[in-house]
Amino acid sequence: MDLFQKCIEFTRADEVKAAGLYPYFRPVEENEGPVVTIEGRKVIMAGSNNYLGLTAHPKVKKAAKDAIDLYGTGCSGSRYLTGTIKLHVELEKRLAAYLGTEDVLLFSTGYQTALGVIAALVQKGDYVISDKENHACIISGALLAKGGFAEFVRYKHNDMEDLERVLQRIPENAGKLIVTDGVFSVSGEFVNLPQMLDVADKYGARVLVDDAHATGVVGVGGRGTASHFGVVDRTDLTMGTFSKTFASLGGFVAGPERITNYIKHHSPALIFSASPTPASVAAALAALDIVEAEPERIDKLIANADKMRAGFTKLGFNVIESRTGIVPIIVGDAQLALVFWRKLYDKGVFVNAFVPPGVPPNLSMMRTSYMATHENEHLDTILNVFQEVGIELGLISA
Ligand SMILES: Cc1ncc(COP(=O)(O)O)c(C=O)c1O
């Protein structure tokens, strides 16, 4: 069959659009952080990963503009060749000092970081061992390693007994990399990292934690999942992104210098792709300055998310518990979730509608996430609008 046939037959998105329920790819026309303009209308943003609200910070914007003046708009090459500027090296050093690791290596996105790190380390005969609810970039990294004749196995979500069962079946002397989200991107839950490290030690496995939703959000001064659990020295590798708390674009891996040095010289995702732009790196550096100087922003973010978790629960919604910036409200049915989303949007609140295959069947959700720059009036409006729509759709009682 012609491989374009499936594209021609794919009409689900068109049907949802025709019904006026399509939540995706909506262009933002102006972005102030907690409030954005979409289709000429101001709406409260409760679905962004701009956790500390730094995309709109004057110092972050100025740093990006200054970097363009000094270095131009792009690096036109990979880190390996002509694409390294002083700002890349500075950000690597600053992040390593902040995270308390020996070294940091930058990539152009978080997604590429997972591809680059996993496929460089896990080779023929080695194993990637992955949580069933890990982010798509980890799965892609594992599949890339599998293409290089590594093995890819999975364990039940955050279930350390199942992880141990999986490890028991792997040959003792095979190389093993356990990979997990630190804060799970959909549910906002923490990985059980201390127990994972015990199991990893027992079976001689290395651990890579993806802290995309944890850096700048959890742990001492926002130093992430390992810091939250007090196990920084026992955690082999941490990766992250600049696309969330750091108000920019790019990714990184943090760990021992011998390991980052190896990845740097063996990762096609790094060697054959252009380096992060000067403006992106400068923005991330300025954001890091603010994270270090103003840790109270993190307290405000968590207080905001806590207020919303408590508020939604009191209204009678089914909320997934955590102490992170992510507050998912389970709606259940996918069609109901799209209708729920549209009604929220019409009433001025923008959230993320997650439906299968992004989530399991009957676990469709409104994934809300918060910023340090949300004020009480934004949060109260979100709760009021959820209450109205929840009652109207029979999800909660009046
Ligand atoms: C857990 C996790 N890892 C990695 C990424 C990818 O990061 P980036 O946006 O920098 O590609 C994301 C972003 O959605 C994420 O949620």
Side-chain angles (χ1 to χ4, degrees), residues 105 107 109-186 189-193 195-214 224-226 231 234-241 251-256 258-273 357:
L105 178 63
F107 283 79
T109 66
Y111 198 100
Q112 255 174 276
T113 308
L115 299 185
V117 173
I118 297 170
L121 291 178
V122 185
Q123 300 176 353
K124 189 174 177 190
D126 298 332
Y127 282 72
V128 188
I129 304 132
S130 168
D131 187 292
K132 281 200 169 157
E133 291 188 14
N134 272 342
H135 189 263
C137 65
I138 296 173
I139 298 162
S140 298
L143 290 173
L144 193 58
K146 196 173 174 203
F149 303 103
E151 304 289 335
F152 173 24
V153 290
R154 302 198 299 165
Y155 58 90
K156 286 186 201 148
H157 174 54
N158 217 0
D159 181 335
M160 296 306 126
E161 276 75 44
D162 196 47
L163 170 63
E164 181 151 12
R165 269 192 295 278
V166 167
L167 283 164
Q168 276 163 356
R169 290 198 292 265
I170 296 177
E172 211 180 310
N173 50 10
K176 306 170 197 76
L177 182 69
I178 302 170
V179 193
T180 181
D181 285 16
V183 166
F184 285 90
S185 60
V186 175
E189 303 156 286
F190 278 103
V191 64
N192 184 348
L193 189 56
Q195 207 185 333
M196 171 177 281
L197 294 174
D198 290 343
V199 175
D201 280 350
K202 191 167 160 192
Y203 292 89
R206 298 291 183 177
V207 173
L208 167 63
V209 178
D210 180 351
D211 258 356
H213 297 273
T225 308
V231 292
R234 294 182 61 207
T235 305
D236 294 302
L237 294 168
T238 298
M239 59 161 275
T241 176
F252 68 89
V253 61
R258 286 290 82 196
I259 314 309
T260 52
N261 179 63
Y262 181 88
I263 295 168
K264 193 179 209 172
H265 294 95
H266 292 83
S267 170
L270 183 117
I271 297 169
F272 298 103
S273 185

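The chain is numbered in sequence order, starting from 1.
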K.L.:
Identify the two heavy atoms, one from Thr260 and one from Val253, that lie closest to each other, and give their separation to 0.1 Å.
P.N.:
CG2-O, 4.2 Å

K.L.:
Can you tell me how far CZ of Arg234 sits from CG of Leu197, rounded to the nearest 0.5 angstrom?
P.N.:
4.5 Å

K.L.:
Check whether any side-chain heavy atom of Gln195 sits under 4.5 Å from a side-chain heavy atom of Glu161, and report yes or no.
P.N.:
yes

K.L.:
At what distance, to the nearest 0.5 angstrom, does CD1 of Ile263 lie from CD1 of Ile118?
P.N.:
10.0 Å

K.L.:
Which distance, rounded to the nearest 0.5 Å, do you find between the CG of Leu237 and the CG of Leu121?
P.N.:
6.5 Å

K.L.:
Measuring from Lys264:NZ to Phe107:CZ, what's the distance to the nearest 0.5 Å?
P.N.:
10.5 Å

K.L.:
Could you pull out the closest heavy-atom pair between Tyr127 and Pro171, with the gap in Å?
P.N.:
OH-CD, 3.5 Å

K.L.:
Look up atom CD1 in Ile138 and atom CG in Asp210, then write down how far apart they are to the nearest 0.5 Å.
P.N.:
4.5 Å

K.L.:
Are Asp159 and Lys132 close enough for a salt bridge, meaning some N to O gap below 4.0 Å?
P.N.:
no

K.L.:
What closest approach, in Å, do Ala119 and Leu144 show between heavy atoms, and which atom pair accounts for it?
P.N.:
CB-CD2, 3.7 Å

K.L.:
Just by distance, do the side chain of Asp236 and the backbone of Gly255 share a donor-acceptor pair under 3.5 Å?
P.N.:
no

K.L.:
Which atoms form the tightest heavy-atom contact between Leu115 and Gly141, and what is the distance?
P.N.:
CD2-N, 3.5 Å

K.L.:
Side-chain atoms of residues 174-184: list all donor-acceptor pairs with protein atoms under 3.5 Å, sequence neighbours left out, distances to 0.1 Å.
P.N.:
from, atom 1, to, atom 2, distance (Å)
Lys176, NZ, Glu172, O, 2.8
Lys176, NZ, Ala174, O, 3.0
Lys176, NZ, Tyr203, O, 3.2
Asp181, OD1, His135, N, 3.1
Asp181, OD2, Ser185, N, 3.2

K.L.:
Could you check whether any side-chain heavy atom of Val199 comes within less than 4.5 Å of a side-chain heavy atom of Met196, counting everything from C-beta outward?
P.N.:
no

K.L.:
Has the side chain of Asp211 got a donor or acceptor atom that lies under 3.5 Å from a matching backbone atom of Gly224?
P.N.:
no

K.L.:
How many angstroms lie between atom CD1 of Ile129 and atom CZ of Arg154, to the nearest 0.5 angstrom?
P.N.:
13.5 Å

K.L.:
Report yes if the side chains of Arg165 and Lys156 come closer than 4.5 Å at any heavy-atom pair, otherwise no.
P.N.:
yes

K.L.:
Backbone N or O of Ile139 within a donor-acceptor pair of the Asn134 side chain at under 3.5 Å?
P.N.:
no

K.L.:
Report yes if the side chains of Val191 and Asp131 come closer than 4.5 Å at any heavy-atom pair, otherwise no.
P.N.:
no

K.L.:
So which heavy atom on Met239 is nearest to which on Gly110, and how close?
P.N.:
CE-O, 3.5 Å

K.L.:
For Thr241, enumerate each residue passing the side chain to side chain contact (heavy atoms under 4.5 Å, CB included) test, keeping only those at least two apart in sequence or located in another chain.
P.N.:
Ala212, Ser243, Lys244

K.L.:
Ignoring hydrogens and geometry, is there a side-chain-to-backbone donor-acceptor pair from Gln112 to Ala269 under 3.5 Å?
P.N.:
yes

K.L.:
Where is the tightest heavy-atom contact between Ser140 and Tyr111, given as atom of each residue plus distance?
P.N.:
OG-OH, 2.6 Å

